[in-house]
Amino acid sequence: MDVKKLVSEMTLEEKAALCSGADFWHTKAVERLGVPRMMVADGPHGLRKQDQSADHLGINDSIRAVCFPTAAGLACSFDRDLLFRVGEALGKECQAEGVGVLLGPAANIKRSPLCGRNFEYFSEDPYLSGEMAAAHIRGVQSKKVGTSLKHYAANNQETRRMSVDARIDERTLREIYLASFEGAVKEGKPWTVMCSYNRVNGVYASENERLLTDILRGEWGFDGCTVTDWGACNDHVAGVAAGMDLQMPFSGAHGDEALARAVREGRIDEAAVDRAAERVLTTVNRYLEGRDRTAVFDRAGHHKLARAVARECMVLLKNDGDLLPLSASRRVAFIGPFVKHPRYQGGGSSHINASEETDAMEAASEYADVIYAQGCCGREDRPDPELLSRAVNAAQAAETAVLFVGLPDAFESEGYDRKHMRLPECQTRLIREVLRVQKRVVVVLHNGAPVEMPWADEVPAILEAYLGGQAVGGAVADLLFGKASPCGKLAETFPLHMEDNPSHLNFPGDGDRVEYREGIYVGYRYYDKRGVKVLFPFGHGLSYTTFAYDNLRLDRERMKDTETLTASVEVTNTGRVAAKEIVQFYVAPAHEGISRPVKELRGFAKVYLEPGETKTLSVQLPPRAFAYYETAIADWYVEPGAYDVLAAASSADVRQSARVQIESTRRLPVRVHENTTFGDAMKIPGAEEILRPLAETLSMVMGGGNSQALGESTRQMMDAMLRDMPLRALVAFAGDGAGSNMLHDVVQALREAEARAQA
Ligand code: BGC
């Protein structure tokens with residue numbers, strides 16, 4: 001369809017009507033012009049297509065579809081190809097079901113482990129999150145079905161999500177919370193972006209022009225359609241004016257009419273409505289052009305894929321004495337509430353009506369004879385003495401006990417946050433009781449976010465399965481019995497205690513206001529900088545083999561801030577089984593400068609290696625990998641100086657390091673006024689001439705009339721004092737009463753020098 005022409009033929013009322021949905025899951029049709037409606041559906045890790053009695057909270061039934069691991073697990077794969085394949089499968093399901101846009105992925109940062117929706121989010125690190133989201137988007141969209149990158153932006157808690165105002169300083173917003181969306185938008189090119197419910201620095205995301213238009217389109221080049229989260233529209237007219245194109249689920253006849261009236265009354269430009277209508281139609285058109293009416297999807301095939309994917313996501317947190325993998329010939333007891341009823345997805349709008357499920361008991365029958373005990377019912381309640389005693393007996397009767405525990409639905413879900421980081425009491429008790437009779441204990445965790453593990457020291461092996469999708473039990477069995485080696489690594493830090501988390505003092509805020517006072521120090525950026533001991537660090541994950549890292553090479557030792565550096569490292573499988581390794585590349589500033597994290601993830605690669613095999617992995621580190629967001633220039637800036645590039649097995653296990661010197665081609669402007677410090681003013685070319693005489697005089701004054709008389713240490717002290725001295729004080733001390741005229745002249749001369757430098 002010729003979208004522009006269509007829009008030009010529409011009445012104002014028809015255009016206004018297009019700016020909101022027809023019902024929960026459809027855009028509006030324009031029958032007079034032959035424009036059909038288009039269906040959208042959740043998202044993100046499976047297709048939740050609802051027809052009748054639609055609701056968006058996951059309460060009513062949807063068609064049967066395949067539930068893949070949720071984002072919290074997917075991100076631990078650190079595998080772009082894998083995310084692409086999951087996206088492709090979802091895209092196929094959408095084509096087969098006539099769904100035009102899948103509502104996901106979600107790229108919000110995990111600010112606190114308590115956010116009820118963390119299972120739907122990828123990481124505490126914006127680079128990893130953006131890369132994973134982009135790969136997911138590309139996969140879905142390769143099937144000519146759209147995505148809706150959500151929830152833009154700063155939806156990092158569920159508490160008061162529809163009214164809370166997230167107060168975030170500009171640098172933090174850019175480096176952490178927006179960076180995750182930026183990567184996903186630039187690389188993934190989603191058809192649509194869904195705004196969040198909350199306010200960001202005072203303005204609702206649904207009517208935030210800076211976010212929706214200036215940054216998203218102006219800076220990142222987004223060319224798709226913006227959509228509100230379901231019910232996130234605060235003021236429809238203000239939204240459309242700010243760059244919000246489609247209000248979902250609907251605004252009712254009243255809302256559409258109000259928009260048209262606002263145009264007639266001159267409160268909003270008709271061009272804004274045209275623009276929104278055009279973007280909605282462009283999305284519908286994209287779908288129609290790629291529509292494949294013959295598409296079918298293979299549920300059984302996707303279930304198999306879900307199992308393979310889950311294997312790549314699970315993280316072996318601990319494996320003392322190589323307790324895992326288990327031997328098929330020995331007696332194993334599977335104990336716990338999640339053995340036969342695994343928890344593999346979270347509650348809320350992402351909840352899938354799974355096509356089938358594989359539990360661990362059923363899957364283990366492929367490998368060994370396993371005895372079973374439920375142990376407890378899983379929810380937070382008193383232990384059941386009968387269940388507990390049967391579990392203890394089973395643990396005693398076996399050579400190894402595998403405990404399947406985790407968080408029940410009531411503990412984590414869309415719509416509310418967790419209150420603490422603990423497992424339900426009955427599960428902790430179960431673990432303790434089993435440990436009394438059995439030392440060979442494996443804990444398999446089913447949870448969407450970190451939990452405290454007060455028993456971690458006594459349990460030799462821990463496998464984090466996250467919410468591993470409908471085939472979770474199969475993947476767990478495959479890893480426990482060594483069909484494959486675990487190869488996931490944590491996409492978030494597991495703190496020892498909730499109180500250690502940097503957001504702790506300001507989560508979820510007071511009333512309708514939450515201040516992100518920890519700033520850029522989110523996740524490992526904080527734990528690293530403060531040297532806080534954690535339970536399991538970001539990027540951590542073990543394998544059934546071992547890897548050696550050698551010969552980290554940078555393709556240059558010095559470079560300009562406009563160039564891209566290539567880093568490569570050799571990785572060798574030094575153990576006895578084939579496995580995959582995730583190599584993380586961090587950049588660590590090695591010069592004095594602005595306050596920054598010790599290191600930040602800037603690249604990663606995953607590689608499969610047979611025993612004894614070596615491969616070279618390389619990553620590109622563009623200027624942005626070295627930059628921070630400098631608010632003075634409202635742009636990314638690379639400080640001149642030395643930077644270390646680290647090749648690491650986790651954020652706490654740096655294996656190789658190499659240094660590069662970067663020269664800045666860009667100068668930060670100096671704002672000159674009476675209180676500009678001497679040190680800052682000296683950064684202006686030509687300042688030396690203007691200021692040195694004053695500095696000398698000051699040294700004379702301090703040196704009792706003879707600047708030569710100053711000893712070396714006094715001179716150093718002098719220099720340090722001088723550096724932070726404002727011009728006002730410098731002139732007062734050194735100007736010998738020359739006063740305001742002299743100060744005025746100095747400031748003037750420096751301003752001119754600064755203007756020359758900028759020209
Ligand atoms: C959620 C979105 C979801 C939408 C539609 C909202 O409650 O926040 O993530 O896509 O509902 O179900």
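The figures that follow rest on heavy atoms only: side chains count, while hydrogens, waters and symmetry mates do not. Every number for a ligand or one of its atoms is a count from 1 in the order of the listing.
Residue-ligand proximity, S349 to ligand 1, at heavy-atom distances under 4.0 Å covers atoms 1 (C), 2 (C), 3 (C), 9 (O), 11 (O), 12 (O). Of all atoms in ligand 1, listed by their number and element, those nearer than 4.0 Å to a heavy atom of E414 are 1 (C), 6 (C), 7 (O), 8 (O). Those atoms of ligand 1 with a heavy atom of K150 less than 4.0 angstrom away are 2 (C), 3 (C), 9 (O), 10 (O). With ligand atoms numbered from 1 in the order given, ligand 1 contributes 10 (O) to contacts under 4.0 Å with heavy atoms of L103. Residue contact check: W25 has heavy atoms under 4.0 Å from atoms 5 (C), 12 (O) of ligand 1.
Neither the backbone nor the side chain of E120 comes within 4.0 Å of ligand 1, counting heavy atoms alone. Using a 4.0 Å cut-off between heavy atoms, F24 makes no contact with ligand 1 at all. Neither the backbone nor the side chain of M248 comes within contact range of ligand 1; no heavy atom lies under 4.0 Å. Under 4.0 angstrom from ligand 1, the non-hydrogen atoms of R161 all belong to its side chain.
Geometrically, R199 engages Y204 in a cation-pi contact, judged by NZ or CZ lying under 6.0 Å from the ring centre and within 45° of the ring axis.
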Report the C-alpha distance between M38 and V101 in whole Å, list the side-chain angles of each, state the deciding distance to 0.1 Å, and finish with yes or no for side chain to side chain contact (heavy atoms under 4.5 Å, CB included). CA-CA 8 Å; M38 179 188 75; V101 171; 3.7 Å; yes
Using the ring-ring contact (aromatic ring centres under 6.0 Å, His included) rule, take F181 and H151 through it: C-alpha gap first, then chi angles, then the decisive distance, then the call. CA-CA 9 Å; F181 286 92; H151 312 90; 8.5 Å; no
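When side chains are defined from C-beta on, F507 counts as touching R111, because their heavy atoms get closer than 4.5 Å.
Of the listed options M194, R117, H351, R48, R117 places a heavy atom closest to atom 9 (O) of ligand 1.
The shortest N or O to N or O distance between H151 and ligand 1 is below 3.5 Å.
For the pair R85 and E312, the salt-bridge criterion is not met [side-chain N within less than 4.0 Å of a carboxylate O]. Comment: E124 does not engage K110 in a salt bridge, judged by the lack of any side-chain N to carboxylate O separation of less than 4.0 angstrom.
The side chain to side chain contact (heavy atoms under 4.5 Å, CB included) test with P113 singles out one residue from M498, E492, H420, and that residue is M498. When each of F494, Y524, Y127 is checked for a ring-ring contact (aromatic ring centres under 6.0 Å, His included) with F538, only Y524 meets the rule.
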